[in-house]
Amino acid sequence: TCTTVKHGILFVFQGWIIWMQVRVVMEHTKGNIPQCIFVAELNKPLNSSCLKLFDVIHWTIFINFTIAILEIISLTSCWTAICCLRSEAPGEFCKLFCVIWGLTVLWSVYHNDAEIDTCHDIYTCALWTYIGPLVFYIVLNCICSIVTQILESRKEEPSETTPLSSA
(Lines give C-alpha, C1' and ligand atoms only; values in the text may rest on other atoms or scores of the structure.)
Protein backbone atom coordinates (compact mmCIF):
# COMPACT_ATOMS: atom_id res chain seq x y z
CA THR A 1 0.00 0.00 0.00
CA CYS A 2 0.94 3.62 -0.34
CA THR A 3 1.44 4.01 3.40
CA THR A 4 4.02 1.22 3.52
CA VAL A 5 5.89 2.65 0.54
CA LYS A 6 5.73 6.13 2.09
CA HIS A 7 7.24 4.89 5.36
CA GLY A 8 10.00 3.09 3.47
CA ILE A 9 10.83 6.19 1.43
CA LEU A 10 10.82 8.37 4.54
CA PHE A 11 13.16 5.90 6.30
CA VAL A 12 15.58 6.05 3.35
CA PHE A 13 15.32 9.87 3.29
CA GLN A 14 16.06 9.98 7.02
CA GLY A 15 19.11 7.77 6.39
CA TRP A 16 20.33 10.17 3.70
CA ILE A 17 19.94 13.13 6.07
CA ILE A 18 21.86 11.30 8.80
CA TRP A 19 24.63 10.51 6.28
CA MET A 20 24.79 14.20 5.27
CA GLN A 21 24.89 15.28 8.92
CA VAL A 22 27.71 12.81 9.68
CA ARG A 23 29.68 14.05 6.67
CA VAL A 24 29.36 17.70 7.76
CA VAL A 25 30.12 16.95 11.42
CA MET A 26 33.17 14.84 10.46
CA GLU A 27 34.46 17.63 8.23
CA HIS A 28 34.43 20.16 11.08
CA THR A 29 35.56 17.95 13.98
CA LYS A 30 38.57 15.95 15.02
CA GLY A 31 38.09 12.19 14.89
CA ASN A 32 35.97 9.76 12.92
CA ILE A 33 32.72 7.96 13.56
CA PRO A 34 31.61 7.42 16.35
CA GLN A 35 33.94 9.87 18.09
CA CYS A 36 32.69 12.85 16.06
CA ILE A 37 29.10 12.04 17.06
CA PHE A 38 29.74 11.68 20.79
CA VAL A 39 32.62 14.15 21.29
CA ALA A 40 32.44 17.01 18.81
CA GLU A 41 35.82 18.68 19.20
CA LEU A 42 36.05 21.32 16.45
CA ASN A 43 38.99 21.47 14.03
CA LYS A 44 38.91 25.26 14.02
CA PRO A 45 36.77 27.89 15.75
CA LEU A 46 33.46 28.82 14.13
CA ASN A 47 31.71 32.19 14.24
CA SER A 48 28.57 32.46 16.39
CA SER A 49 26.05 31.69 13.61
CA CYS A 50 28.01 28.69 12.34
CA LEU A 51 28.53 27.41 15.89
CA LYS A 52 24.79 27.63 16.62
CA LEU A 53 24.03 25.68 13.43
CA PHE A 54 26.77 23.15 14.16
CA ASP A 55 25.56 22.57 17.72
CA VAL A 56 21.97 21.93 16.70
CA ILE A 57 23.07 19.61 13.87
CA HIS A 58 25.43 17.75 16.19
CA TRP A 59 22.73 17.13 18.78
CA THR A 60 20.21 16.26 16.09
CA ILE A 61 22.51 13.65 14.58
CA PHE A 62 23.20 12.18 18.00
CA ILE A 63 19.48 11.88 18.74
CA ASN A 64 18.57 10.63 15.23
CA PHE A 65 21.42 8.11 15.27
CA THR A 66 20.23 6.76 18.62
CA ILE A 67 16.59 6.61 17.46
CA ALA A 68 17.56 4.88 14.19
CA ILE A 69 19.46 2.22 16.12
CA LEU A 70 16.46 1.66 18.40
CA GLU A 71 14.14 1.41 15.36
CA ILE A 72 16.41 -1.13 13.66
CA ILE A 73 16.60 -3.17 16.87
CA SER A 74 12.82 -3.04 17.27
CA LEU A 75 12.29 -4.16 13.65
CA THR A 76 14.67 -7.10 13.92
CA SER A 77 14.08 -8.39 17.41
CA CYS A 78 11.43 -10.57 18.94
CA TRP A 79 10.78 -7.73 21.38
CA THR A 80 9.19 -5.59 18.65
CA ALA A 81 6.03 -4.74 20.56
CA ILE A 82 7.91 -3.82 23.73
CA CYS A 83 10.58 -1.77 21.92
CA CYS A 84 8.00 0.09 19.83
CA LEU A 85 6.00 1.03 22.90
CA ARG A 86 9.11 2.20 24.70
CA SER A 87 10.91 4.06 21.89
CA GLU A 88 8.37 5.31 19.37
CA ALA A 89 6.60 8.09 21.29
CA PRO A 90 9.69 9.48 23.06
CA GLY A 91 11.66 9.15 19.82
CA GLU A 92 9.10 11.13 17.84
CA PHE A 93 8.98 13.75 20.62
CA CYS A 94 12.78 14.08 20.49
CA LYS A 95 12.70 14.43 16.68
CA LEU A 96 10.02 17.12 16.97
CA PHE A 97 12.08 18.95 19.60
CA CYS A 98 15.14 18.85 17.30
CA VAL A 99 13.13 20.19 14.37
CA ILE A 100 11.69 23.06 16.40
CA TRP A 101 15.13 23.87 17.81
CA GLY A 102 16.71 23.65 14.35
CA LEU A 103 14.07 25.87 12.75
CA THR A 104 14.54 28.41 15.55
CA VAL A 105 18.31 28.45 15.02
CA LEU A 106 17.90 28.69 11.24
CA TRP A 107 15.56 31.63 11.71
CA SER A 108 17.95 33.34 14.14
CA VAL A 109 20.97 33.12 11.76
CA TYR A 110 19.07 33.72 8.51
CA HIS A 111 20.05 37.40 8.23
CA ASN A 112 23.75 36.91 9.03
CA ASP A 113 24.85 36.35 5.43
CA ALA A 114 28.48 37.22 6.09
CA GLU A 115 28.74 34.66 8.87
CA ILE A 116 26.78 31.97 7.04
CA ASP A 117 29.01 32.32 3.97
CA THR A 118 31.93 30.97 6.01
CA CYS A 119 30.06 27.72 6.71
CA HIS A 120 27.85 27.20 3.69
CA ASP A 121 28.01 23.40 4.07
CA ILE A 122 26.67 23.56 7.64
CA TYR A 123 23.88 25.94 6.59
CA THR A 124 22.89 23.73 3.63
CA CYS A 125 22.87 20.67 5.88
CA ALA A 126 20.65 22.53 8.36
CA LEU A 127 18.22 23.48 5.59
CA TRP A 128 17.95 19.86 4.45
CA THR A 129 17.73 18.64 8.03
CA TYR A 130 14.98 20.93 9.28
CA ILE A 131 13.07 22.18 6.23
CA GLY A 132 13.71 19.37 3.72
CA PRO A 133 11.75 16.63 5.54
CA LEU A 134 8.73 18.89 5.95
CA VAL A 135 8.61 19.70 2.23
CA PHE A 136 9.42 16.09 1.31
CA TYR A 137 6.65 14.76 3.59
CA ILE A 138 4.06 17.16 2.17
CA VAL A 139 4.97 16.27 -1.44
CA LEU A 140 4.98 12.54 -0.63
CA ASN A 141 1.55 12.77 1.00
CA CYS A 142 0.15 14.67 -2.00
CA ILE A 143 1.52 12.03 -4.39
CA CYS A 144 0.17 9.25 -2.18
CA SER A 145 -3.28 10.87 -2.07
CA ILE A 146 -3.38 11.27 -5.85
CA VAL A 147 -2.25 7.67 -6.46
CA THR A 148 -4.80 6.35 -3.96
CA GLN A 149 -7.60 8.33 -5.64
CA ILE A 150 -6.58 7.05 -9.09
CA LEU A 151 -6.48 3.45 -7.87
CA GLU A 152 -9.84 3.84 -6.13
CA SER A 153 -11.43 5.28 -9.27
CA ARG A 154 -10.14 2.36 -11.36
CA LYS A 155 -11.75 -0.26 -9.16
CA GLU A 156 -14.48 -1.95 -11.09
CA GLU A 157 -17.89 -1.36 -9.62
CA PRO A 158 -20.00 -4.53 -9.60
CA SER A 159 -22.76 -4.52 -12.21
CA GLU A 160 -25.15 -6.98 -13.82
CA THR A 161 -22.36 -8.22 -16.14
CA THR A 162 -19.88 -8.84 -13.28
CA PRO A 163 -19.55 -12.60 -12.59
CA LEU A 164 -20.55 -13.72 -9.13
CA SER A 165 -17.73 -14.78 -6.92
CA SER A 166 -18.02 -18.04 -5.06
CA ALA A 167 -16.48 -17.16 -1.74
Establish whether [X] and [Y] are linked, either directly or via other cluster members, by ILVMFWY side-chain heavy-atom contacts under 4.5 Å.
X: Val139; Y: Val12; value: no
X: Leu10; Y: Met20; value: yes
X: Leu134; Y: Leu127; value: no
X: Tyr137; Y: Ile146; value: no
X: Ile17; Y: Ile100; value: no

Using ring-ring contact (aromatic ring centres under 6.0 Å, His included) as the criterion, list what pairs up with Tyr123, not counting sequence neighbours. none
ring-ring contact (aromatic ring centres under 6.0 Å, His included) filter on Phe13, not counting sequence neighbours, yields Trp16, Phe136
Nearest heavy-atom neighbours spanning [X] and [Y]:
X: Ala126; Y: Leu53; value: CB-CD2, 3.8 Å
X: Cys98; Y: Val56; value: O-CG2, 4.5 Å
X: Leu42; Y: Lys30; value: O-CE, 3.7 Å
X: Asp55; Y: Trp101; value: O-CH2, 4.2 Å
X: Ile61; Y: Ile18; value: CD1-O, 3.9 Å
X: Thr129; Y: Thr60; value: CG2-CG2, 4.0 Å

Residues Thr104, Tyr130; criterion side chain to side chain contact (heavy atoms under 4.5 Å, CB included); working and verdict: CA-CA 10 Å; Thr104 304; Tyr130 305 111; over 6 Å; no
Would you say that more than 12 heavy atoms from the other residues, nucleotides or ligands in this model lie under 6.0 Å from the NE2 of His111, or not? yes
Over 12 foreign heavy atoms within 6.0 Å of CH2, Trp59: no
Which of parallel (below 30°), tilted (30 to 60°) and perpendicular (above 60°) describes Trp107 and Tyr110? parallel
Evaluate the criterion side chain to side chain contact (heavy atoms under 4.5 Å, CB included) for residue pair Leu46 and Ile122; output intermediate values, then yes/no. CA-CA 11 Å; Leu46 297 171; Ile122 297 174; 4.1 Å; yes
Roughly how far, to the nearest 0.5 Å, is the CG atom of Leu106 from the NZ atom of Lys52? 11.5 Å
What distance separates Lys44 NZ from His28 NE2, expressed to the nearest 0.5 Å? 7.0 Å
For Lys95, all residues meeting side chain to side chain contact (heavy atoms under 4.5 Å, CB included), sequence neighbours excluded: Gln14, Asn64, Ile67, Glu71, Glu92
With sequence neighbours excluded, residues passing disulfide bond (SG atoms under 2.5 Å apart) with Cys50: Cys119
Sequence neighbours excluded, the answer for disulfide bond (SG atoms under 2.5 Å apart) partners of Cys94 is none
Determine, stepwise, if the pair Thr29 / Glu41 fulfils side chain to side chain contact (heavy atoms under 4.5 Å, CB included). CA-CA 5 Å; Thr29 59; Glu41 187 179 345; 5.7 Å; no
Qualifying salt bridge (Lys or Arg N to Asp or Glu O under 4.0 Å) pairs, either residue in residues 96-124, two or more places apart: none
